[in-house]
K.L.:
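If you scroll down you'll find the structure; I have some questions about it.
Throughout, numbering of the chain's residues begins at 1 and tracks the sequence.
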Amino acid sequence: MSTPPDENAAYHELARIFSARRKDNNVLEIEILPPGLGPLLQDGNSVGLTKKYLVQAFVTARRIFFDASNEPFYFSDASGHEDERKAPQNESLLQKRRDGLLNASEIILLFDCEHLTACSWRKRRLAALSQRAGLADAGYTHREMLTRELDTEMSLLTTYICSPLHRHTKSPTLYNHRLWVLRQMLSDSSGRLTRREDDRGTVSNQKVLKKELSVVLRSGELHPKNYYGFTYLRQLLDILSGSDEDQEGASARLAALIIPEVLDWCLAHPSDISGWMFTLRLLDWVRDEETRTDCIDRVLRFALNVGWEGESIWTFVNLATKMTGVGASTKAQCRTPSNALANLPLSEVRAADGWKACLERARAVWVAGQQADQRHV
């Protein structure tokens, strides 16, 4: 007589994968597979599963999550601390239930990235750990546990945001949760944001910004026009610069730090208007005429060389050249390798009425270049 299939097999297999991920603090790449390739494939940190398999795991995870969270132990008191008097006396059983809730909430969020109940439970759990670590009598173990748990939460969110999933890469719930977790990581025991340095004296805010930028740019590749991702970076810049006494100067320095990388990404994805609008915000933060002019010059060279006629780049050029000071004191030129596309004065572009007028000016340059090439033939 054959053994009946385990209805919870999908949940247990995904729970095993997520438990192993937490242990090593790895970032997974999770992908939904077509029905014929499943139900589950794993190669190192790459995981593929079918939609049906994920639904099966979600049904079990949801039942486990709500059954466990209704027990008295899993409620917090007014101060955010778990009530240990109601906790089971068996520590191994307690840890098993905690792991079960963690696994269940992670599978729920894998299925539905906007599941506010699961996300709020994870936030409340971390907040309770943070308050305990901030107590005067809290030892090194509590603070070390908090640091580890926050790092693990960030790697989980990176798994969701940077995986080729349909909604996760552009999820407002996940980005808001990530910003909240990052605030906890950047704050001291009293909850005040601090300006930190590493062992070599380098301001670590720059490292935080560069790391988060790589996450958002990756998510932007997976989901074009990712306004939630770039909005997250805007908020992050405000937070990082807010911990400095010279907030305006800090914003300018941090913005200048990432402009080259952001511009490289925009030129590699020229039709993505969300990236161009974020670059425009960075230029507004920098408030340096030379930086703005060099940036616009590079964009114009690219657009002229490839014959770009899309709205995104010319909207950026039109708005960027209208910023105070750009082209006012110098007539910067866009120089290209071709004599036919030799000059496009920024002052003329600035005077243009809208992005379509900028494009018409570029087309005039292209026509002049073609005529010049014909005369040299």
K.L.:
Name all residues meeting the salt bridge (Lys or Arg N to Asp or Glu O under 4.0 Å) criterion together with Arg167; count only those two or more places apart in sequence or in a different chain, and write none if there are none.
P.N.:
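So Arg167 forms a salt bridge (Lys or Arg N to Asp or Glu O under 4.0 Å) with Asp112.
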
K.L.:
State, with a plain yes or no, whether a side-chain heavy atom of Arg125 is found less than 4.5 Å away from one of Leu102.
P.N.:
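The answer is yes; the side chains approach within 4.5 Å.
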
K.L.:
Enumerate donor-acceptor pairs with a distance under 3.5 Å from any side-chain N or O in residues 256-276 to protein atoms, sequence neighbours excluded.
P.N.:
from, atom 1, to, atom 2, distance (Å)
Glu261, OE1, Lys210, NZ, 3.4
Asp264, OD1, Arg298, NH1, 3.0
Asp264, OD1, Arg298, NH2, 2.4
Trp265, NE1, Leu217, O, 3.2
His269, ND1, Trp265, O, 2.9
Asp272, OD1, Lys225, N, 3.3
Asp272, OD1, Ser274, N, 3.1
Asp272, OD1, Ser274, OG, 2.4
Asp272, OD2, Lys225, N, 3.0
Ser274, OG, Asn226, N, 3.3
Trp276, NE1, Pro270, O, 2.9

K.L.:
Quick one, Thr60 with Ile107, criterion side chain to side chain contact (heavy atoms under 4.5 Å, CB included). Give me CA distance, side-chain angles, the key distance, then yes/no.
P.N.:
CA-CA 9 Å; Thr60 303; Ile107 293 173; over 6 Å; no

K.L.:
Looking only at heavy atoms, what is the nearest atom pair of Tyr11 and Ala104, with distance?
P.N.:
OH-N, 4.1 Å

K.L.:
Would you say Glu153 and Gln184 make side-chain contact, with heavy atoms under 4.5 Å?
P.N.:
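Counting from C-beta outward, Glu153 and Gln184 never come under 4.5 Å.
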
K.L.:
Which residue, Thr293, Asp294, Val286, forms the side-chain contact (heavy atoms from CB on, under 4.5 Å) with Glu290?
P.N.:
Asp294

K.L.:
Do Thr169 and Arg218 meet the criterion of a side-chain donor-acceptor pair at a distance under 3.5 Å?
P.N.:
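There is no such pair (donor and acceptor under 3.5 Å, judged by atom type) between the side chains of Thr169 and Arg218.
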
K.L.:
Quick check against the 3.5 Å criterion: does Ser214 have a side-chain atom that pairs as donor or acceptor with the backbone of Lys211?
P.N.:
yes

K.L.:
When you look at OH of Tyr228, are more than 12 heavy atoms from neighbouring residues, nucleotides or ligands closer to it than 6.0 Å?
P.N.:
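No, the 6.0 Å shell around OH holds no more than 12 heavy atoms from other groups.
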
K.L.:
Check ring pair (Phe, Tyr, Trp, His ring centres under 6.0 Å) between Phe58 and all other residues, then give those that pass, not counting sequence neighbours.
P.N.:
Phe111

K.L.:
Mind checking whether Phe65 and Leu116 sit in one hydrophobic cluster, side chains of I, L, V, M, F, W, Y counted as touching below 4.5 Å?
P.N.:
no

K.L.:
Does any part of the side chain of Tyr175, heavy atoms only, come nearer than 4.5 Å to the side chain of Gln235, both counted from C-beta?
P.N.:
no

K.L.:
Are more than 12 heavy atoms from other residues, nucleotides or ligands located less than 6.0 Å from atom CD of Glu114?
P.N.:
yes

K.L.:
Take Leu237 and Leu282, measure what side chain to side chain contact (heavy atoms under 4.5 Å, CB included) needs, and give me the verdict at the end.
P.N.:
CA-CA 10 Å; Leu237 274 165; Leu282 293 178; 3.7 Å; yes

K.L.:
How are the rings of Trp308 and Phe302 set to each other: parallel, tilted or perpendicular (split at 30° and 60°)?
P.N.:
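Trp308 and Phe302: tilted rings.
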
K.L.:
Could you grab the distance from atom CG of Leu174 to atom CG of Leu109, nearest 0.5 Å is fine?
P.N.:
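Taking CG in Leu174 and CG in Leu109, the distance rounds to 6.5 Å.
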
K.L.:
Report yes if some heavy atom in the side chain of Arg63 is under 4.5 Å from a heavy atom in the side chain of Asn8; otherwise report no.
P.N.:
yes

K.L.:
Restricting to non-hydrogen atoms, name the atom on Met154 and the atom on Leu182 that form the minimum distance, rounded to 0.1 Å.
P.N.:
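Distance-wise, the nearest heavy atoms are CE-CD1, 3.9 Å.
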
K.L.:
Under 4.5 Å between side-chain heavy atoms, hopping through other hydrophobics if needed: is there a path connecting Tyr227 to Leu222?
P.N.:
no

K.L.:
Looking only at heavy atoms, what is the nearest atom pair of His115 and Ala118, with distance?
P.N.:
ND1-N, 3.2 Å

K.L.:
Under 4.5 Å between side-chain heavy atoms, hopping through other hydrophobics if needed: is there a path connecting Leu319 to Leu283?
P.N.:
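Yes; Leu283 is reachable from Leu319 via cluster members.
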
K.L.:
Would Trp180 and Leu126 count as a side chain to side chain contact (heavy atoms under 4.5 Å, CB included) if you check the C-alpha gap in whole Å, the side-chain angles of each, and the deciding distance to 0.1 Å?
P.N.:
CA-CA 10 Å; Trp180 182 88; Leu126 292 172; 3.9 Å; yes

K.L.:
How many angstroms lie between atom NZ of Lys207 and atom CG of Leu209, to the nearest 0.5 angstrom?
P.N.:
13.5 Å

K.L.:
Do Met185 and Asp151 come close enough that some side-chain heavy atom pair is under 4.5 Å?
P.N.:
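Of all side-chain heavy-atom pairs linking Asp151 with Met185, at least one is under 4.5 Å.
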
K.L.:
Has Arg62 got more than 12 heavy atoms of other residues, nucleotides or ligands less than 6.0 Å from its CZ?
P.N.:
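It does not: Arg62 CZ has 12 such atoms or fewer within range.
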
K.L.:
Please evaluate residues Asn103 and Ser19 with respect to the criterion side-chain hydrogen bond (donor to acceptor under 3.5 Å, both in side chains), reporting the C-alpha separation (whole Å), side-chain torsions for both, the decisive distance (0.1 Å), and the verdict.
P.N.:
CA-CA 7 Å; Asn103 291 330; Ser19 294; 3.2 Å; yes

K.L.:
Passes salt bridge (charged side-chain N to carboxylate O under 4.0 Å, His left out), Glu289 versus Arg292? Steps please.
P.N.:
CA-CA 5 Å; Glu289 182 177 342; Arg292 292 174 175 176; over 6 Å; no

K.L.:
How many angstroms lie between atom CD of Glu144 and atom CG of Leu146, to the nearest 0.5 angstrom?
P.N.:
11.0 Å

K.L.:
Are Leu54 and Leu14 packed together at the side-chain level, in the sense that at least one heavy-atom pair is separated by less than 4.5 angstrom?
P.N.:
yes

K.L.:
Any idea which heavy atoms bring Ala255 and Trp285 closest together, and the distance?
P.N.:
CB-CB, 3.8 Å

K.L.:
Could you work out, with salt bridge (Lys or Arg N to Asp or Glu O under 4.0 Å) as the rule, every residue matching Glu106, not counting sequence neighbours?
P.N.:
Arg22, Arg122

K.L.:
For residues 24-41, tabulate all N or O donor-acceptor pairs below 3.5 Å that involve a side-chain atom, not counting sequence neighbours.
P.N.:
from, atom 1, to, atom 2, distance (Å)
Asn25, OD1, Ser155, OG, 2.5

K.L.:
Measure from the side-chain N and O atoms of Ser171 to the backbone N and O of His168, and report whether any donor-acceptor pair falls under 3.5 Å.
P.N.:
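No; judged by distance alone, with no hydrogens or angles, the pair does not exist.
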
K.L.:
Find the distance between OG1 (Thr158) and CD (Glu212) and round it off to the nearest 0.5 Å.
P.N.:
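Rounded to the nearest 0.5 Å, the OG1-CD separation comes to 6.5 Å.
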
K.L.:
Which value, rounded to the nearest 0.5 Å, describes the distance between Arg183 atom CZ and Ser130 atom OG?
P.N.:
13.0 Å

K.L.:
Mind checking the CG-CG spacing from Leu110 to Leu165? Nearest 0.5 Å is all I need.
P.N.:
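Here the interatomic distance stands at 6.0 Å.
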
K.L.:
Would you call Leu179 and Ile239 a side-chain contact if the rule is heavy atoms closer than 4.5 Å?
P.N.:
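They are in contact (side-chain heavy atoms under 4.5 Å apart), so the answer is yes.
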
K.L.:
Return the minimal non-hydrogen interatomic distance between Ile296 and Ala320, and the atom names on each side.
P.N.:
CD1-CB, 3.6 Å

K.L.:
Kindly indicate whether the side chain of Cys295, heavy atoms from C-beta on, has any atom under 4.5 Å from the side chain of Phe316.
P.N.:
yes

K.L.:
Asp284: which residues meet the salt bridge (Lys or Arg N to Asp or Glu O under 4.0 Å) condition with it, sequence neighbours left out?
P.N.:
Arg281

K.L.:
For a quick test of reading the model, state the closest non-hydrogen atom pair linking Cys119 to Thr173 and the distance between them.
P.N.:
SG-CG2, 3.9 Å

K.L.:
Evaluate Phe230 against Met277 for side chain to side chain contact (heavy atoms under 4.5 Å, CB included), listing each step before the verdict.
P.N.:
CA-CA 9 Å; Phe230 287 109; Met277 291 302 98; over 6 Å; no

